[in-house]
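See structure below.
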Amino acid sequence: MRGQGQTKQIGAVAVAGALTLAWVLVGCDSVMEGIGESLPTGRAEPCPEGGVRLSEGEGNAAMGLRVADFQLVNCGSAAYLLEGYPEIRLLDGEDRPLQVDIGHGTNGVTSSAVDGDAPPRRVTLQPGQAATTGLLWRNLVTDSSVPAVEGRVLELVPKPGAPRLTLRLSAPVDLGDTGKLGLSAWSALAR
């Protein structure tokens, strides 16, 4: 009897191991897709026209005050010069432009001093280096008759004359009915 129980345990462990291996070999793609991730393909994404790539950085949403940062990586082969502020535009989920007051620094969103108020500086990105810019807003509804604004797409022109970059946001810019957004100047991303 004792030997038979051990055989069942060993068999159960072997089946569990085989199922785990099968999941790893076959089911990983569908599981990763289900959580919004994909497996690396080994192919590098081509560098967009203009030599820079835009990506979402970290965000923070504390007590209605929201911040999000965006990174611009020089994926080209030459130095890329930035100075001042990018030109941005928010679009809704159907790619329609939103009416938003976008101002430099905190733009009256908060009276507290934050990093977004730092003065603009010249930033030179060598190939592979990155710069960051940030958005600051409040998720606040003060008038229920005014529709709440929610940005789902960010369009950004890094500097005058550069091609427009478009980024679908993983988390919305949920402005409520404030219609006000602060924008920080470009700064070098510390790595």
Side-chain angles (χ1 to χ4, degrees), residues 45 47-93 95 97-142 146 148-191:
E45 191 176 312
C47 190
E49 177 188 356
V52 289
R53 177 176 293 115
L54 182 64
S55 65
E56 238 173 317
E58 296 294 316
N60 191 346
M63 297 179 53
L65 185 63
R66 311 273 204 252
V67 293
D69 72 295
F70 299 90
Q71 297 163 5
L72 189 73
V73 178
N74 181 352
C75 55
S77 58
Y80 194 89
L81 178 66
L82 295 167
E83 191 166 6
Y85 299 85
E87 174 192 317
I88 67 164
R89 184 167 75 161
L90 278 179
L91 310 177
D92 67 11
D95 296 338
L98 297 171
Q99 294 297 316
V100 179
D101 170 18
I102 301 169
H104 296 165
T106 60
N107 191 28
V109 172
T110 182
S111 58
S112 301
V114 295
D115 290 342
D117 280 331
R121 292 194 177 110
R122 180 174 284 187
V123 178
T124 302
L125 301 179
Q126 296 302 325
Q129 290 183 327
T132 186
T133 187
L135 303 180
L136 175 73
W137 71 96
R138 284 202 182 277
N139 178 4
L140 184 62
V141 176
T142 58
V146 176
V149 173
E150 192 168 82
R152 294 285 182 171
V153 177
L154 177 71
E155 288 187 340
L156 182 144
V157 177
K159 61 183 181 178
R164 183 175 303 274
L165 301 169
T166 302
L167 182 64
R168 291 221 167 263
L169 303 174
S170 62
V173 175
D174 53 349
L175 293 168
D177 66 1
T178 63
K180 191 177 267 198
L181 187 63
L183 174 67
S184 68
W186 288 115
S187 62
L189 184 65
R191 292 198 175 219

Quick one: [atom1] on [X] to [atom2] on [Y], what's the gap to the nearest 0.5 Å?
{"X": "Asp95", "Y": "Arg168", "atom1": "CG", "atom2": "CZ", "answer": "4.0 Å"}
{"X": "Leu154", "Y": "Leu90", "atom1": "CG", "atom2": "CG", "answer": "6.0 Å"}
{"X": "Leu91", "Y": "Leu167", "atom1": "CG", "atom2": "CG", "answer": "11.0 Å"}
{"X": "Thr133", "Y": "Asp69", "atom1": "OG1", "atom2": "CG", "answer": "9.0 Å"}
{"X": "Asn107", "Y": "Leu183", "atom1": "CG", "atom2": "CG", "answer": "9.0 Å"}
{"X": "Arg138", "Y": "Leu65", "atom1": "CZ", "atom2": "CG", "answer": "4.5 Å"}

Next item on the list: Name all residues meeting the side-chain hydrogen bond (donor to acceptor under 3.5 Å, both in side chains) criterion together with Asn74; count only those two or more places apart in sequence or in a different chain, and write none if there are none.
Entry: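 With neighbours one apart ignored, the set is empty.
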Next item on the list: List in chain and number order the residues that pass side-chain hydrogen bond (donor to acceptor under 3.5 Å, both in side chains) with Arg121, two or more places apart in sequence or in another chain; answer none if no residue qualifies.
Entry: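 Arg121 satisfies side-chain hydrogen bond (donor to acceptor under 3.5 Å, both in side chains) with no other residue.
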Next item on the list: Report yes if the side chains of Ile88 and Leu135 come closer than 4.5 Å at any heavy-atom pair, otherwise no.
Entry: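 Contact flag for Ile88/Leu135 side chains = yes.
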Margin query: Applying the side-chain contact (heavy atoms from CB on, under 4.5 Å) criterion to Trp186, which one of Leu81, Leu72, Leu125 satisfies it?
Written below: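 Option passing the side-chain contact (heavy atoms from CB on, under 4.5 Å) with Trp186: Leu72.
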Note to self: Filter on side-chain hydrogen bond (donor to acceptor under 3.5 Å, both in side chains), then keep only pairs touching residues 50-62, sequence neighbours left out; what's left?
What the structure shows: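 Output for this query lists Glu56-Ser170.
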Minimum heavy-atom separation for [X] and [Y], please, with both atom names.
{"X": "Ser184", "Y": "Gly134", "result": "OG-N, 2.7 Å"}
{"X": "Pro158", "Y": "Val52", "result": "CG-CG2, 4.2 Å"}
{"X": "Pro127", "Y": "Ala79", "result": "CD-N, 4.4 Å"}

Note to self: Among residues at least two apart in sequence or on other chains, which ones pass salt bridge (Lys or Arg N to Asp or Glu O under 4.0 Å) with Glu83?
What the structure shows: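 With sequence neighbours excluded, Glu83 shows a salt bridge (Lys or Arg N to Asp or Glu O under 4.0 Å) to Arg122, given in chain and number order.
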Check: Taking NZ, NE, NH1 and NH2 as the nitrogens, is one of them in Glu87 or Arg89 under 4.0 Å from a carboxylate oxygen of the other?
Finding: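 No, Glu87 and Arg89 are not salt-bridged.
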Next item on the list: State which residues pass side-chain contact (heavy atoms from CB on, under 4.5 Å) with Ala188; sequence neighbours excluded, sorted by chain then number.
Entry: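 With sequence neighbours excluded, Ala188 shows a side-chain contact (heavy atoms from CB on, under 4.5 Å) to Val123, given in chain and number order.
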Notebook entry, point to check: So, the side chain of Thr132 versus the backbone of Phe70: is there a donor-acceptor pair under 3.5 Å, distance only?
Noted result: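 A pair under 3.5 Å: yes.
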Next item on the list: Please check if the side chain of Trp137 supplies one atom and the backbone of Thr178 the other of a donor-acceptor pair under 3.5 Å.
Entry: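 No.
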Notebook entry, point to check: Should Val157 and Arg164 be marked as a side chain to side chain contact (heavy atoms under 4.5 Å, CB included) after you check the CA-CA gap, both sets of side-chain angles, and the distance that decides it?
Noted result: CA-CA 5 Å; Val157 177; Arg164 183 175 303 274; 3.9 Å; yes
Notebook entry, point to check: With sequence neighbours left out, which residue pairs that include part of residues 174-185 fulfil the salt bridge (Lys or Arg N to Asp or Glu O under 4.0 Å) condition?
Noted result: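 The answer is Arg66-Asp174.
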